[in-house]
Amino acid sequence: MNDDAVARFRDRPEAAESDLAMARGLIKAAIDGNDRSAAHVQKVISDLVKEAINDLPDCDVPGTRHRLERRRGRMSKIESDPELRMFILSRIEKMTYAELEVAIEAQFPPHRRIKRSAMLWWWNERSNSGR
């Protein structure tokens, strides 16, 4: 502030109060306008997201039992590999878990193999869920 303005406010304090009141009013109006703008932007974003979701194509892939049951996480390797699952189901009541593990190692490549603990867990989950 220059010296003239300081002298004016020193001589007339009511002028300073008036200017401060006007500045407060302008600041309040700016804040209110900013709040309204932010609310409007939020509404526009929300509407765009809803519209984008509604415009998505319908899913033509049938849901897996895992997804239909709203289960979290990944499907087990046995559940996601039908050939492995059928291999295990056809032998699980005739072989021990250790024998079955050896048979799986002989039949399947390394990325499709499972261990005894996975078979035991899967078999127990299957038995408990009534499948």
With Arg116, which residues qualify under salt bridge (charged side-chain N to carboxylate O under 4.0 Å, His left out), at least two apart?
Glu101
Drop me the distance from Phe108's CZ to Asp81's CG, to the nearest 0.5 angstrom.
6.0 Å
Kindly indicate whether the side chain of Leu100, heavy atoms from C-beta on, has any atom under 4.5 Å from the side chain of Thr96.
no
Would a hydrophobic clustering, with Ile, Leu, Val, Met, Phe, Trp and Tyr connected at side-chain separations under 4.5 Å, put Met86 with Ile92?
yes
Hey, are Asp32 and Lys28 close enough for a salt bridge, meaning a charged N less than 4.0 Å from a carboxylate O?
yes
For Phe87, does the six-membered ring have the charged nitrogen or CZ of Arg91 within the cation-pi criterion, i.e. under 6.0 angstrom from the centroid and within 45° of the normal?
yes
Could you see if Val102 belongs to whatever hydrophobic cluster contains Ile114? Use Ile, Leu, Val, Met, Phe, Trp, Tyr and a side-chain cutoff under 4.5 Å.
no
Got a salt bridge between Glu83 and Arg112, using NZ or NE/NH1/NH2 to carboxylate O under 4.0 Å?
yes
Distance (rounded to the nearest 0.5 Å) between Lys94 NZ and Glu99 CD:
12.5 Å
Would Met95 end up clustered with Trp121 when hydrophobic side chains under 4.5 Å apart are linked, directly or stepwise?
yes
For residues Tyr97 and Ile88, determine if any side-chain heavy atom of one lies less than 4.5 Å from a side-chain heavy atom of the other.
no
May I ask you to test the Trp122-Arg85 pair for a side-chain heavy-atom distance under 4.5 Å?
yes
For Gln107 and Ile104, indicate whether the former's side chain and the latter's backbone hold a donor-acceptor pair under 3.5 Å.
no
Which residue pairs satisfy the side-chain hydrogen bond (donor to acceptor under 3.5 Å, both in side chains) criterion with at least one member in residues 44-56, sequence neighbours excluded?
Lys43-Asp47
